[in-house]
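Only one structure is covered here, and it is reproduced in the block below.
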Number of protein chains: 2
Amino acid sequence: MKQFTRVMKALSDPNRVRVLKLLQRENLCVCNIQEFLKLAQSTVSRHMKTLEDAGLVEHERQGTWIIYRLTDNQESVYGAAMLAHLENWLEDDKELEQMRLKRDQVIENTKLCIT
Amino acid sequence: MKQFTRVMKALSDPNRVRVLKLLQRENLCVCNIQEFLKLAQSTVSRHMKTLEDAGLVEHERQGTWIIYRLTDNQESVYGAAMLAHLENWLEDDKELEQMRLKRDQVIENTKLCIT
DNA sequence: TTTATATATCGCAATATGGCGATATATAAA
DNA sequence: TTTATATATCGCCATATTGCGATATATAAA
């Protein structure tokens with residue numbers, strides 16, 4: 001039960017869902033996520049911890065960067081199912097489209113940590 | 001997005017999940033749900049509103065009782081998917097088992113509003 | 001070692017959430 | 001109409017959440 005509600009709670013915040021939708025396309029460092037979402041760094045860091053505690057993302061250090069990615073081999077059936085759904089869900093969301101435009105701008109300026 | 005996060009938030013509380021798991025077996029009035037969950041009536045009523053706003057349950061009046069049931073024809077793809085998952089998920093949960101025992105007792109005493 | 005950059009953590013403020021009891025409302029029965 | 005029962009809503013309190021800036025920590029470069 002706790003494991004299930006933890007995943008649901010992680011998915012109940014729009015900014016965290018935006019992070020997951022971003023990570024569908026590419027693995028990202030905190031600073032880029034911060035830039036796309038226009039949130040304070042500390043706020044993003046906390047959201048990432050919530051997502052990681054729910055088993056939805058995992059991280060890896062690359063120098064000074066912490067690269068986050070969607071968890072591949074889920075230990076949680078709930079997380080796995082929800083990530084699978086999110087591949088299709090919200091694909092035509094207007095808000096997310098805006099965020100992707102921002103992402104494309106950053107990529108043009110080659111300010112992406114991981115290319 | 002809002003529709004999605006509303007469903008996720010509704011599912012992020014253990015008591016609300018318990019209600020949904022109960023409703024899998026039979027439609028129930030508020031007073032019985034209150035009895036199974038051991039919560040104040042006002043608390044149950046608010047949880048039911050949250051679930052209904054998320055499109056997960058719907059209600060029907062039968063005399064003085066309000067009978068709640070899982071929504072059949074979901075207008076929301078998210079709600080439909082989650083209710084489908086919940087048919088299988090948490091089936092072996094210990095906490096839920098306790099709640100079902102309580103339910104069985106009530107049924108023995110024929111205190112169930114809807115039989 | 002010092003400096004710079006990236007990230008995590010802490011403390012605070014505003015708001016949301018979930019519990020309750022009291023009360024309002026609606027229906028059915030007397 | 002009065003009474004009883006079921007449910008919804010309101011107000012309150014304790015706690016959780018989410019935002020931020022400030023600060024601690026970790027790595028890389030100078």
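All chains are named by letter (A, B, ...) in the order of the sequence lines, taking the proteins before the strands, and each is independently numbered beginning at 1.
Summarising the geometry, the separation between NZ on A:K38 and P on D:dG19 is reported as 15 Å, rounded to the nearest angstrom. A straight line from CD1 of B:I67 to P of D:dA6 spans 11 Å, rounded to a whole angstrom. Separating the CD atom of B:Q34 from the C1' atom of C:dG19 is a distance of 13 Å, rounded to the nearest angstrom. Atom CD in A:E35 sits roughly 15 Å away from atom P in C:dT5 (whole-Å rounding). When the P atom of C:dG19 is taken as reference, atom CG of B:L39 falls 6 Å away, rounded to whole Å. When the C1' atom of C:dT7 is taken as reference, atom CG of A:L37 falls 16 Å away, rounded to whole Å. One interatomic measurement links the two molecules: NE2 of A:H59 to P of D:dA26, which rounds to 13 Å at whole-angstrom precision. Spacing between atom CG of B:D13 and atom P of D:dA16 amounts to 13 Å, rounded to whole angstrom units.
For C:dA6, neither phosphate oxygen OP1 nor OP2 lies less than 4.0 angstrom from any side-chain nitrogen or oxygen of A:Y68. Checking the phosphate oxygens (OP1, OP2) of C:dG19, a side-chain nitrogen or oxygen of B:N15 falls inside 4.0 Å.
C:dA14 is paired with D:dT17 under the criterion used here, namely a Watson-Crick or G-U wobble arrangement in which both key atom distances are under 3.5 Å. When Watson-Crick and G-U wobble pairs are counted only if both distances are under 3.5 Å, D:dA29 pairs with C:dT2. Under the Watson-Crick or G-U wobble criterion, with both distances below 3.5 Å, D:dT7 is paired with C:dA24.
DNA chain C is contacted by both A:R61 and B:S12; A:R61 maps to the nucleotide lying nearer its 5′ end (nearest heavy atom per residue). Between A:K9 and A:E52, the residue anchored nearer the 5' end of DNA chain C, judged by the nucleotide with its closest heavy atom, is A:E52.
The number of heavy atoms from other shown groups lying within 6.0 Å of CD (A:Q98) does not exceed 12.
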Notebook entry, point to check: Does the pair A:K102 and A:E35 meet the rule for a salt bridge (Lys or Arg N to Asp or Glu O under 4.0 Å), with working shown?
Noted result: CA-CA 8 Å; A:K102 177 72 182 166; A:E35 203 167 3; 5.1 Å; no

Note to self: Using the rule given for salt bridge (Lys or Arg N to Asp or Glu O under 4.0 Å), can you reason through B:E26 versus B:R103, listing the C-alpha separation, both sets of side-chain angles and the distance that settles it, and then say yes or no?
What the structure shows: CA-CA 11 Å; B:E26 66 221 332; B:R103 165 192 163 276; 2.4 Å; yes

Note to self: What verdict does the salt bridge (Lys or Arg N to Asp or Glu O under 4.0 Å) test give for A:R100 and A:D104, after you've listed the backbone C-alpha separation in whole Å, the side-chain angles of each residue and the deciding distance to 0.1 Å?
What the structure shows: CA-CA 6 Å; A:R100 275 167 179 161; A:D104 294 342; over 6 Å; no

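Contact between A:G63 and A:R61 at its shortest, heavy atoms only, is O-NH1, 3.0 Å. Residues A:L37 and A:L22 share a closest heavy-atom pair of CD1-CD1, 3.6 Å.
Closest to the side chain of B:C29, out of D:dT18, D:dT7, C:dA8, is D:dT7. Comparing C:dG18, D:dT18, D:dC20 by their closest approach to the side chain of A:A40 singles out D:dC20.
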Just the table, please: protein N/O against nucleotides 28-30 of chain D N/O, every pair under 3.5 Å.
none

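A heavy atom lying under 4.0 Å from DNA chain D marks the following residues of residues 41-51 of chain A, by number: A:S42, A:T43, A:R46, A:H47.
In this structure, the side chains of B:L86 and B:L70 stay at 4.5 Å or more apart for every pair of heavy atoms.
Side-chain atoms of B:T71 come within 3.5 Å of backbone atoms of B:V57 as a donor-acceptor pair (strictly under, hydrogens ignored).
When each of B:R16, B:R18, B:E52, B:Q34 is checked for a side chain to side chain donor-acceptor pair (under 3.5 Å) with B:H47, only B:R16 meets the rule.
A:E91 has a carboxylate O that lies under 4.0 Å from a charged side-chain N of A:K21, or vice versa, which qualifies the two as a salt bridge.
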